[in-house]
Amino acid sequence: MTDHANTALEWLMRAGYGARGVVYLIVGGLAFFAALNGGEAEGTSGALNFLIRQPFGAVLLAITAAGLFAYTLWRLVDGIMDLENEGDDAEGYANRAGQVMSGLTHAALGVSAILILMKGARASGDDSSAENWSASLMQHPAGQLVVIAAGITTLCVAIYLFHKAWNAAHRKDIIRKEMAERLEPAVRFGLAAHGFVLLIVGGLILWAGISANPEHAAGLGEALRILETQAYGRVLLALAGAGLVGFAVYCFVMARYRIVPRLSGNTLKTLVSPAR
C-alpha cells in the first residue's frame with residue numbers, strides 16, 4: 001500500500017473507534033445513572049436517540065454516523081486484506097470473518113443513526129430490532145438456523161472478550177505510552193463487562209432460535225433491563241454501566257494509541273515490547 005492509503009486507513013480506524021466509544025459511553029452512562037436514579041437503561045439505538053436530543057444533536061449524530069461507517073470500512077478492509085496478520089489457517093480466517101462481521105454490525109448502527117436524523121424522532125430500539133430481524137428470518141426455511149447461528153456467534157464474541165480481557169491481548173497493538181498504561185485497568189474491566197452483557201444477548205438470541213419464538217430475541221438494552229430485575233439488580237446494572245463506560249475507554253484508547261501491524265512495521269514500541 002502507498003503511504004497515502006496507509007494514512008487513510010489509519011484515520012478510518014481512529015474515527016471508527018472514536019465513534020464506537022461515544023456510543024458505548026452514552027449506553028454505559030445511561031445504565032449507571034438509571035441504577036442510581038431508578039430510570040430505564042438504554043441500548044445502542046437508545047444512545048443515538050439520546051445524542052440527537054442534545055444541543056447541536058443533529059450535528060453530533062451525523063458525525064457519529066460518519067464514524068460508524070468509517071469503522072465499517074476499516075473492518076472490511078482489515079478482514080479482507082488481513083492487516084492484523086491473522087494468517088490463512090482456520091483460526092486466522094475465523095478471526096478475519098469476525099472483523100468483517102463487526103464492521104457490518106456497526107454499519108447497521110450507522111444506518112439507524114441516519115434514520116433517526118431523517119425522521120427526527122425516536123427510531124426502534126435494540127430490542128424491537130432484534131425481535132424484528134429474528135421474526136423476518138424465521139419466515140424463511142433456514143431462518144431458524146440462521147438465528148441460532150447468530151446467537152452462537154454472539155456468545156463466541158462474548159467469550160472472546162473475556163479471553164481478551166484476561167490475557168490482555170490488545171496490549172500488543174497499543175503504543176507504549178504512560179496514559180495507555182494508566183488506563184489499562186479500566187480497559188480490561190470494560191472488555192470483561194461487555195463480554196458479560198453479550199452473554200445475555202447471545203443467550204436470548206439463541207433461545208429465540210431454538211424455541212422458534214422471535215419475541216425472546218433482545219438487544220443490549222433489554223439485557224441491561226434483565227440485570228436490573230435480578231437480586232441486587234441496581235448494583236448489577238451499575239456495575240454493567242460502569243463496565244460499558246470502561247469499554248468506551250477501551251475504544252478511545254484504541255482510537256488514540258492503536259497501531260496496525262502490517263502498516264506500522266516493527267519500529268513502534270507497544271505495551272508488550274521489552275522495556276529498556
Side-chain angles (χ1 to χ4, degrees), residues 1-3 5-21 24 67-110 142 145-176 180 184 187-188 190-192 194-199 201-202 205-206 247 250-251 253-274:
M1 287 188 185
T2 65
D3 290 340
N6 290 352
T7 301
L9 278 175
E10 287 197 18
W11 274 107
L12 283 175
M13 175 190 73
R14 299 192 192 288
Y17 274 114
R20 195 183 187 205
Y24 279 97
L68 292 169
F69 287 124
Y71 184 83
T72 297
L73 289 174
W74 146 248
R75 276 310 192 189
L76 291 176
V77 175
D78 183 22
I80 293 170
M81 301 189 67
D82 193 19
L83 300 181
E84 308 288 328
N85 291 327
E86 299 288 357
D88 295 326
D89 57 5
E91 182 180 357
Y93 279 120
N95 290 338
R96 291 164 66 180
Q99 292 160 1
V100 171
M101 288 300 299
S102 177
L104 295 176
T105 300
H106 286 80
L109 191 56
L145 293 177
V146 174
V147 175
I148 291 173
I152 293 173
T153 300
T154 305
L155 290 173
C156 289
V157 172
I159 294 170
Y160 169 74
L161 289 174
F162 281 126
H163 180 268
K164 192 171 185 177
W166 180 261
N167 290 333
H170 57 281
R171 289 171 62 87
K172 65 180 174 56
D173 294 329
I174 297 177
I175 298 172
R176 181 183 291 280
E184 185 64 13
V187 165
R188 295 179 72 174
L191 287 168
H194 191 206
F196 177 71
V197 175
L198 284 185
L199 276 180
V201 174
I205 295 174
L206 180 60
F247 186 74
Y250 160 78
C251 292
V253 167
M254 299 296 268
R256 176 64 181 86
Y257 299 115
R258 195 186 198 282
I259 65 170
V260 184
R262 285 187 60 183
L263 303 185
S264 61
N266 299 317
T267 58
L268 295 174
K269 297 294 184 182
T270 69
L271 292 182
V272 298
S273 300

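- More than 12 heavy atoms of other residues, nucleotides or ligands shown are found within 6.0 angstrom of CZ on Arg171.
- We find the CD1-CD1 distance between Ile148 and Ile205 to be 12.0 Å, quoted to the nearest 0.5 Å.
- In terms of heavy-atom proximity, Tyr257 sits nearest to Ala180 at CD1-CB, 3.9 Å.
- Between the side chain of Thr153 and the main chain of Ala149, a donor-acceptor pair closer than 3.5 Å is present.
- Every residue two or more places apart in sequence or in another chain that forms a side-chain hydrogen bond (donor to acceptor under 3.5 Å, both in side chains) with Arg96 is listed here: Asp88.
- Note: His194 NE2 to Phe162 CZ = 10.5 Å, rounded to the nearest 0.5 Å.
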For this session: Check the pair Ile174, Ile259 against side-chain contact (heavy atoms from CB on, under 4.5 Å), reporting the backbone distance first and the verdict last.
Result: CA-CA 6 Å; Ile174 297 177; Ile259 65 170; over 6 Å; no
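- We find the OG1-CG distance between Thr154 and Leu198 to be 7.0 Å, quoted to the nearest 0.5 Å.
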Show me the donor-acceptor pairs, under 3.5 Å and distance only, between side chains in residues 12-21 and residues at least two apart or in other chains.
from: Arg14; atom 1: NH1; to: Ala255; atom 2: O; distance (Å): 3.1
from: Arg14; atom 1: NH1; to: Arg258; atom 2: O; distance (Å): 3.1
from: Arg14; atom 1: NH2; to: Arg258; atom 2: O; distance (Å): 2.8
from: Tyr17; atom 1: OH; to: Arg75; atom 2: NH2; distance (Å): 3.1
from: Tyr17; atom 1: OH; to: Arg258; atom 2: NE; distance (Å): 3.4
from: Arg20; atom 1: NE; to: His106; atom 2: NE2; distance (Å): 3.1
from: Arg20; atom 1: NH1; to: Tyr71; atom 2: OH; distance (Å): 3.4

Problem set entry | Pair Val260-Leu9, side-chain contact (heavy atoms from CB on, under 4.5 Å): steps then yes or no | CA-CA 9 Å; Val260 184; Leu9 278 175; over 6 Å; no
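- The two atoms that bring Gly79 and Gln99 nearest to each other are CA-OE1, 3.3 Å, heavy atoms only.
- Here the CG atom belonging to Leu76 is positioned 5.5 Å from the CG atom belonging to Leu104, to the nearest 0.5 angstrom.
- Here the closest heavy-atom approach between residue Val253 and residue Val187 is recorded as CG2-CG2, 4.1 Å.
- The stretch residues 155-164 participates, sequence neighbours left out, in these side-chain hydrogen bond (donor to acceptor under 3.5 Å, both in side chains) pairs: His163-Asn167, Lys164-Tyr250.
- Annotation for Ala165 and Leu191: closest pair CB-CB, 3.8 Å, computed over non-hydrogen atoms.
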